[in-house]
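The next block holds one structure in the form of structure tokens; read it before the comments.
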Amino acid sequence: MVCGGFACSKNALCALNVVYMLVSLLLIGVAAWGKGLGLVSSIHIIGGVIAVGVFLLLIAVAGLVGAVSHHQVLLFFILGVWLAMRFRNQKDPRANPSAFL
């Protein structure tokens, strides 16, 4: 069978979300390990890294559920979250043109 239909897209989305879940668990684990060994003393840094890991884990689980069940509203929500994160801090090149050279 040719890889180009819905089954291939579904499998690719599932694999991508599993990778995101592994990265999020790695973030949480490294933050806890760094705090446990005393490598990082700032609780704000540890809390931020753990918060990013938990947020990524939630988004990855929602994406996995949406991909497996072909839930279009859930996948649209995931896309909306990604777009909001991607374009939230965009600068206007007309404000400072030399900054974008």
Side-chain angles (χ1 to χ4, degrees):
M1 187 135 240
V2 176
C3 183
F6 173 70
C8 182
S9 299
K10 178 181 172 182
N11 292 337
L13 282 175
C14 289
L16 184 65
N17 283 306
V18 167
V19 169
Y20 283 157
M21 289 170 64
L22 292 175
V23 168
S24 68
L25 291 174
L26 184 69
L27 274 171
I28 295 168
V30 166
W33 176 74
K35 181 64 178 167
L37 288 180
L39 297 174
V40 181
S41 61
S42 175
I43 194 70
H44 298 294
I45 294 174
I46 298 296
V49 172
I50 289 176
V52 168
V54 169
F55 180 72
L56 182 61
L57 184 64
L58 291 175
I59 294 298
V61 167
L64 188 62
V65 168
V68 168
S69 65
H70 191 63
H71 198 280
Q72 291 179 350
V73 174
L74 191 58
L75 291 173
F76 182 74
F77 171 73
I78 300 286
L79 181 66
V81 169
W82 180 80
L83 287 173
M85 288 185 339
R86 169 69 175 92
F87 295 109
R88 182 178 60 132
N89 292 327
Q90 290 291 319
K91 305 279 189 216
D92 186 12
R94 293 173 289 183
N96 189 3
S98 63
F100 292 94
L101 295 178

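A quick note: this is a predicted structure, and the numbers were derived from the prediction, not measured. All values below were derived from every heavy atom in this structure, side-chain atoms included, with hydrogens, water molecules and symmetry-related copies excluded.
The CG atom of L57 lies 10.5 Å from the CG atom of N17; values are rounded to the nearest 0.5 Å.
A single hydrophobic cluster is not seen to contain both L58 and V61; linkage of ILVMFWY side chains at heavy-atom distances under 4.5 Å, directly or through other members, places them apart. With hydrophobic clusters built from ILVMFWY side chains whose heavy atoms lie under 4.5 angstrom apart, F55 does not share a cluster with V52. In this structure, V40 is a member of the same hydrophobic cluster as V54, with clusters built from ILVMFWY side-chain heavy atoms closer than 4.5 Å. Using a 4.5 Å cut-off between side-chain heavy atoms of Ile, Leu, Val, Met, Phe, Trp and Tyr, with links allowed through other members, I28 and V23 fall into different hydrophobic clusters. In the hydrophobic cluster analysis, where Ile, Leu, Val, Met, Phe, Trp and Tyr join through side-chain heavy atoms closer than 4.5 angstrom, I45 is grouped together with I50.
The shortest non-hydrogen separation linking M21 to A60 is CG-CB, 3.4 Å. Residue L56 comes nearest to Y20 through the heavy atom pair CD2-O, 3.8 Å, listed as atom of the first residue, atom of the second, then distance. Here the shortest heavy-atom pairing between A31 and V49 reads CB-CG1, 3.7 Å. Pairing each heavy atom of C14 with each of V68, the nearest pair is SG-CG2, 3.7 Å.
Put simply, the side chain of L26 reaches to within 4.5 Å of the side chain of V30, judged on heavy atoms.
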